[in-house]
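Input: a single structure, listed below in C-alpha cells.
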Amino acid sequence: MTPTAPAPAPVTEATGADIRVRFCPSPTGTPHMGMVRTALFNWAHARHHGGKLIFRIEDTDAARDSEESYHQLLDAMRWLGIDWDEGVEVGGPHGPYRQSQRGDIYQDVIAKLREGGHIYESYSTAEEIAERHRAAGRDPQLGYDGSDRDLTEEQKAAFRAEGREPVWRLRMPDEDITFEDMVRGEITFKAGATPDFVVVRANGQPLYTLVNPVDDALMGITHVLRGEDLLSSTPRQIALYRALISVGVTDVIPRFGHLPYVLGEGSKKLSKRDPESNLFLYREQGFLPEGMVNYLALLGWGYSADQDVFSREEMVERFDASDVNPNPARVDFKKATAINADHMRLLDPAEFTERMVPHLQEAGVVSDPVTSEQHALLVAATPLVQPRMNLLGEAPDMLRFLFVADADLVVEDDALKKLGDDPVAVLDRAITEVETVPADAFAAATLEEVLRAAIVEDMGIKPRLAFGPLRSAISGRRISPPLFESMELLGRPSSLARLRALRDRLAAAAEA
RNA sequence: GCCCCCAUCGUCUAGCGGCCCAGGACACUGGCCUUUCACGCCGGCGACACGGGUUCGAAUCCCGUUGGGGGUACCA
C-alpha cells in the first residue's frame, strides 16, 4: 500500500499532426471573453501545426450546468468559426465527450488508482485539520495535513462506525514539481506546498481534479493551453498524471501553457457578470466575427510588431504558444471597435450588405425576408455607409430614412438646430432647383452641381449651412450618409416631398 | 499565513545585451481634406515600478523591495 517510487515524467514529444489540444468549458452561464479566447488559442495552435482540436464539455456540476449554456457554447464557437475535429456534436474515437456521460470510465480509473495505492481514503473534517495545525503551533490555514495517509484497517473501521464516509485523496510526491510552461518557461512548485487533494467525493462521485486530467489522458491530449487561473493546479495534475502512467492509463504527460488573465476595464478580473465579458453582447452590437477573432487574438498575442489587423488565416499561419504574452490583458472596447471597423472596410461590399441585414431587420428597418426592392436599395447604399460604420449595429440609424415613407420620416430635434439664418429660403431655392432637374438626370453629380451653383454660389451661403437644411429634410438627421447620393437613392418625388415638408414646417413655425 | 504568476506610454504591446535618450496600435490632441459624420493623410502628448548587482555596455541577465493577480474547496 505504499506509494510507488516517483515515476519518471515522460513529457509528450508530439509535434505536427500528432498534436492534440482541447477546449473543455463547463456549461455555466454565457460564453465570456476569457473562455472564448482560450478556445481560439487552442484552435489556432491545432490549425497551425496541423493537429486536432477536441471539444469536450465538463458538466460534472449538475447544480450549475445548463443545457442552455451548452447551446450557447456551440453558438459561440460556430459564430467565431472555431471548428473542432472531435468532440460533442461531431463524435470521435474517444467519446462520449460530455463528462456527465463518462461515469463508468471514471469509476474504472478510480479503481485502478485505489489498487495502485495512489489514492487513499480520508476521514478528516476541515475543522479537525485546522485544529491539528493549531495544536502543533502551525498556521491553521495550512491545507490538509496528510494525517489519514496511513490509516490502519482498525482506524478506518472506527471512523465508519461513527457514520463517516471518506473522501479519496491523491498522495502527492514529496518532491519539487517542475514543468516547462509553453508561455512562461520553467516553473517549479516546492515540495510540500501542495497538500494531498480530494479526487473523489464521499458520495463516490469524482471531482474536476480527477476527471479533467483523466479525460485529457484518455483522449490523448498532448498540449494543454488554458487560463492562468489553473496554473497552480498544474502540480496536482502532474502528480495525478504520474499515477495514471504507473497504473497504465496513459504513458505521457502533456505540455502545459497558461494564458494570461483577461481583465475588465477597471482592473479587476473580468467577472461573468460584466457586460464587457459577454461575447454575445459584442455580437448584438454588430461586431463581425472576423473583428472579434482578431481582437480576441490580441488579448495576449500579436501578429507582428507593427500590424494588429489580421485575418483568421494569418493568425493560423503565425500562431505559436511560445509567443503568447504572460501578463494580463485588459479588455478595451474602443480598441476592439477600431479593430472591427478595419474589418468592416475589408469586407466585400456584397458581403457587407448581407451582414447588415439581420441588424436592420432587428430594428424593423427592413422586412424579414427582405423584399427585392429593399435589397436593391441596400446594395446601392452599401458604398455610402461601409466606410463610415464601425459596428453593424449602426446600420439602422444610418439607413432608416431610405426605407420609411415620406410622411413617416421623423426629423429629429437635433436636425432642426443650427440650420442658418434662413433655412426656409434655402429649402425654397433647393426645391425650385430640384424641380428643374429632369427625372432621367436625377443623379448625385448633377444635383450637387445644380444646388451648389444656386445656393452656395448664387445665394452666397457657406456649404455647411447651404446643405444642412437639405440633409435634415432628406434624412431627418444631422448626421447622415452623403446628401446627394442619398437624394439619388431616394428618387426625385421623395426628395421633393421631403424638402417641401420641412420647408412648410419651418415656415409655419416662423409664422407662429 | 504558505505557494505560484505578472511588472515598457492611460490601454494593448514591440523589444529576447549594443540597431532604443525605446517602435507600433487604440484612446486623447493640433492640422489637412470636406455638404454632415466617418474614412484617409500629416503632426503632438505619452512608458522601461524602485534599489542593488553582473557587464566595456541593461528595458533586456541575477537578487531584493514594492505593487498587482491567482491558488490554498467534497467548484470548475
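In what follows, every heavy atom counts, from backbone to side chain, and hydrogens, waters and symmetry copies are set aside. Residue numbers begin at 1 in each chain, while the letters A, B, ... track the order of the sequences. Please read all numbers here as calculations on a predicted model, not as lab measurements.
- No engagement by A/T234 is indicated, since no non-hydrogen atom pair under 4.0 Å with the nucleic acid exists.
- Defined by atom type and a distance below 3.5 Å, a donor-acceptor pair is present between the side-chain atoms of A/Y144 and A/D148.
- B/C2 and B/U65 have their P atoms separated by 12 Å, with the value rounded to a whole Å.
- Here A/P482 lies in heavy-atom contact (under 4.0 Å) with a base.
- The separation between A/W301 atom CH2 and B/A14 atom P is 11 Å, rounded to whole Å.
- The six-membered or imidazole ring of A/F310 lies near that of A/W301, with a centre-to-centre distance under 6.0 Å.
- Comparing the P positions of B/C4 and B/G23 gives a spacing of 37 Å, expressed to the nearest Å.
- Looking at A/N340, its side chain does come within 3.5 Å of a backbone N or O of A/N390 through a donor-acceptor pair.
- OP1 or OP2 of B/C12 has at least one side-chain nitrogen or oxygen of A/R330 nearer than 4.0 Å.
- Inspection of the A/T382 and A/T353 side chains reveals an N or O donor paired with an N or O acceptor under 3.5 Å.
- With rounding to whole Å, A/D229 atom CG is found 16 Å from B/C3 atom C1'.
- Cation-pi geometry between A/R236 and A/F197 is satisfied (NZ or CZ under 6.0 Å from the ring centre, within 45° of the ring normal).
- Between B/G51 and B/U13, the distance separating the two C1' atoms is 27 Å to the nearest Å.
- Within the structure, side-chain hydrogen bond (donor to acceptor under 3.5 Å, both in side chains) contacts touching residues 187-200 of chain A (residues at least two apart or in different chains) are A/Y120-A/D196, A/R149-A/D196, A/T178-A/T188.
- With a 3.5 Å ceiling on both atom-pair distances, the Watson-Crick or G-U wobble partner of B/G40 is B/C32.
- Judged by closest nucleotide on RNA chain B, A/P326 is the one of A/M389 and A/P326 placed further toward the 5' end.
- If you take CZ of A/F310 and C1' of B/U13, they are 12 Å apart, rounded to a whole angstrom.
- Here the P atom of nucleotide B/C2 and the CG atom of A/D145 are 19 Å apart, to the nearest Å.
- Checking B/U35, B/C4, B/G1 against the side-chain heavy atoms of A/I187 singles out B/C4 as nearest.
- With P as the reference atom, B/U29 and B/G46 are 16 Å apart, rounded to whole Å.
- For B/C50, the paired nucleotide is B/G64, the pair qualifying as Watson-Crick or G-U wobble because both relevant distances are below 3.5 Å.
- Residue contacts shown for A/E485 include a base, since a base heavy atom lies under 4.0 Å away.
- Between A/R171 and A/E121 there is no salt bridge, since no side-chain nitrogen of the basic residue lies less than 4.0 Å from a carboxylate oxygen of the acidic one.
- Contact annotation for A/F197: no contact, since no heavy-atom pair falls under 4.0 Å across all strands.
- Remark: B/C16 base-pairs with no nucleotide; criterion is Watson-Crick or G-U wobble with both hydrogen-bond distances under 3.5 Å.
- Dashed line: the shortest gap from a side-chain N or O of A/K190 to OP1 or OP2 of B/C2 is not under 4.0 Å.
- Within 4.0 Å (heavy atoms only), A/T194 reaches no atom of the nucleic acid at all.
- No side-chain donor from either of A/R400 and A/S475 sits under 3.5 Å from a side-chain acceptor of the other.
- Residue contacts shown for A/S480 include a base, since a base heavy atom lies under 4.0 Å away.
- Between the P atoms of B/A14 and B/G30, the separation comes to 31 Å (whole Å).
- Distance noted for atom C1' between B/U8 and B/G68: 16 Å (whole Å).
- Comparing B/U36, B/A76, B/C12 by their nearest atom to the side chain of A/A329 picks out B/C12.
- Side-chain polar atoms of A/Y70 and A/Q72 form no donor-acceptor pair below 3.5 angstrom.
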Checklist line | Reading 5' to 3' through nucleotides 21-34 of chain B, protein heavy-atom contacts under 4.0 Å coded B for base, S for sugar-phosphate only, - for none | finding: --BSBSS-------

Item checked: Candidate pair A/D414 and A/R477, rule salt bridge (charged side-chain N to carboxylate O under 4.0 Å, His left out), full reasoning -> CA-CA 7 Å; A/D414 197 39; A/R477 291 169 54 87; over 6 Å; no

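- Base pairing of B/C2 is made with B/G71, judged by Watson-Crick or G-U wobble geometry with both donor-acceptor distances under 3.5 Å.
- A/R226 has its CZ atom 17 Å from the P atom of B/G70, to the nearest Å.
- Under the Watson-Crick or G-U wobble criterion, with both distances below 3.5 Å, B/A25 is paired with B/U11.
- Both A/I479 and A/D59 lie close to RNA chain B; mapped to their nearest nucleotides by heavy-atom distance, the more 5′-ward contact belongs to A/I479.
- Here the C1' atom of nucleotide B/A76 and the CD1 atom of A/I57 are 13 Å apart, to the nearest Å.
- The separation of B/A59 from B/G52, taken at their P atoms, amounts to 14 Å, rounded to a whole angstrom.
- For the pair A/R388 CZ and B/G40 C1', the computed distance is 12 Å after rounding to whole Å.
- Note on A/R429 versus A/D458: salt bridge recorded, some NZ/NE/NH1/NH2 to OD/OE distance being below 4.0 Å.
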Shorter than 3.5 Å, N or O on both sides, protein versus nucleotides 72-74 of chain B: list them out with atom names.
from: B/C74; atom 1: O2; to: A/A202; atom 2: N; distance (Å): 3.2

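- As rounded to the nearest Å, B/G15 and B/G24 have C1' atoms that lie 12 Å from one another.
- We find that A/R184 and A/E228 are joined by a salt bridge, their nearest charged nitrogen and carboxylate oxygen being less than 4.0 Å apart.
- Between A/E448 atom CD and B/U35 atom P there is a gap of 7 Å when expressed in whole angstrom units.
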